[in-house]
Amino acid sequence: LGARFYAGSVRALRHGSANMDVLIAMGTSAAYFYSLAAVVRKWFEPERNDVQFFETSAMLITFVAMGKWLEALAKGKTSEAIQKLMELQPEAAVVLEFDAEGR
């Protein structure tokens, strides 16, 4: 599920730009690797009680993926609505021309 964000961030960085995929990849990676370091530290120092954020990575990717899905759904409905409006367009029109007096 999250692989497309990481692939998109690599492509963006290769082109010298940063986009939403880079932001998602950085945020989820930071949360994951911080939590991994906290777990490793806990092995060596059992008295430590560092907070772990493994679920944050999964939730960020899930929320963004769900947002993109909802956006695509909305765009599809908008396209349908525009198509239906275009079908309402009349095939012919009557042009009325008025003179200077409004007749």
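Sequential numbering from 1 along the given sequence is applied to the chain's residues. In this text the structure is predicted, and so the values were computed from the model without any measurement.
The distance from atom OG of Ser9 to atom CZ of Arg14, rounded to the nearest 0.5 Å, is 10.0 Å. Taking CG of Leu85 as the reference point, atom CD of Gln83 lies at 9.5 Å (rounded to 0.5 Å). We find the CE-CZ distance between Met59 and Phe53 to be 14.5 Å, quoted to the nearest 0.5 Å. The distance from the OG1 atom of Thr62 to the CD atom of Glu55 is 11.5 Å, given to the nearest 0.5 Å. Here CZ of Phe5 is found 10.0 Å from CG of Leu60. Values are rounded to the nearest 0.5 Å. To the nearest 0.5 Å, atom CG of residue Leu73 and atom CE of residue Met66 are 12.5 Å apart.
Identified under the salt bridge (Lys or Arg N to Asp or Glu O under 4.0 Å) test for residues 29-38, with sequence neighbours left out: none.
At distances below 3.5 Å, at least one donor-acceptor pair connects side-chain atoms of Asn19 with backbone N or O atoms of Val22. Between the side chain of Ser57 and the backbone N or O of Thr28 there is at least one donor-acceptor pair closer than 3.5 Å.
Residues satisfying the side-chain contact (heavy atoms from CB on, under 4.5 Å) criterion with Val39, sequence neighbours excluded, are Trp43, Gln52, Phe54. A search for salt bridge (charged side-chain N to carboxylate O under 4.0 Å, His left out) contacts involving Arg48 returns Glu45, Asp50, not counting sequence neighbours. Listed by chain and number, the residues in a side chain to side chain donor-acceptor pair (under 3.5 Å) with Ser29 are Tyr6 (sequence neighbours excluded). Applying the side chain to side chain donor-acceptor pair (under 3.5 Å) rule to Lys68 yields no partners; only residues at least two apart in sequence or on another chain are considered. Residues satisfying the side chain to side chain donor-acceptor pair (under 3.5 Å) criterion with Asp99, sequence neighbours excluded, are absent altogether.
Following chains of ILVMFWY side-chain contacts shorter than 4.5 Å, one cannot reach Ile24 starting from Leu13, and the two form parts of different hydrophobic clusters. One hydrophobic cluster, built from ILVMFWY side chains closer than 4.5 Å, holds both Val40 and Tyr32.
Around CD of Glu47, the count of heavy atoms belonging to other residues, nucleotides or ligands within 6.0 Å exceeds 12.
Annotation for Val51 and Ala38: closest pair O-CB, 4.1 Å, computed over non-hydrogen atoms.
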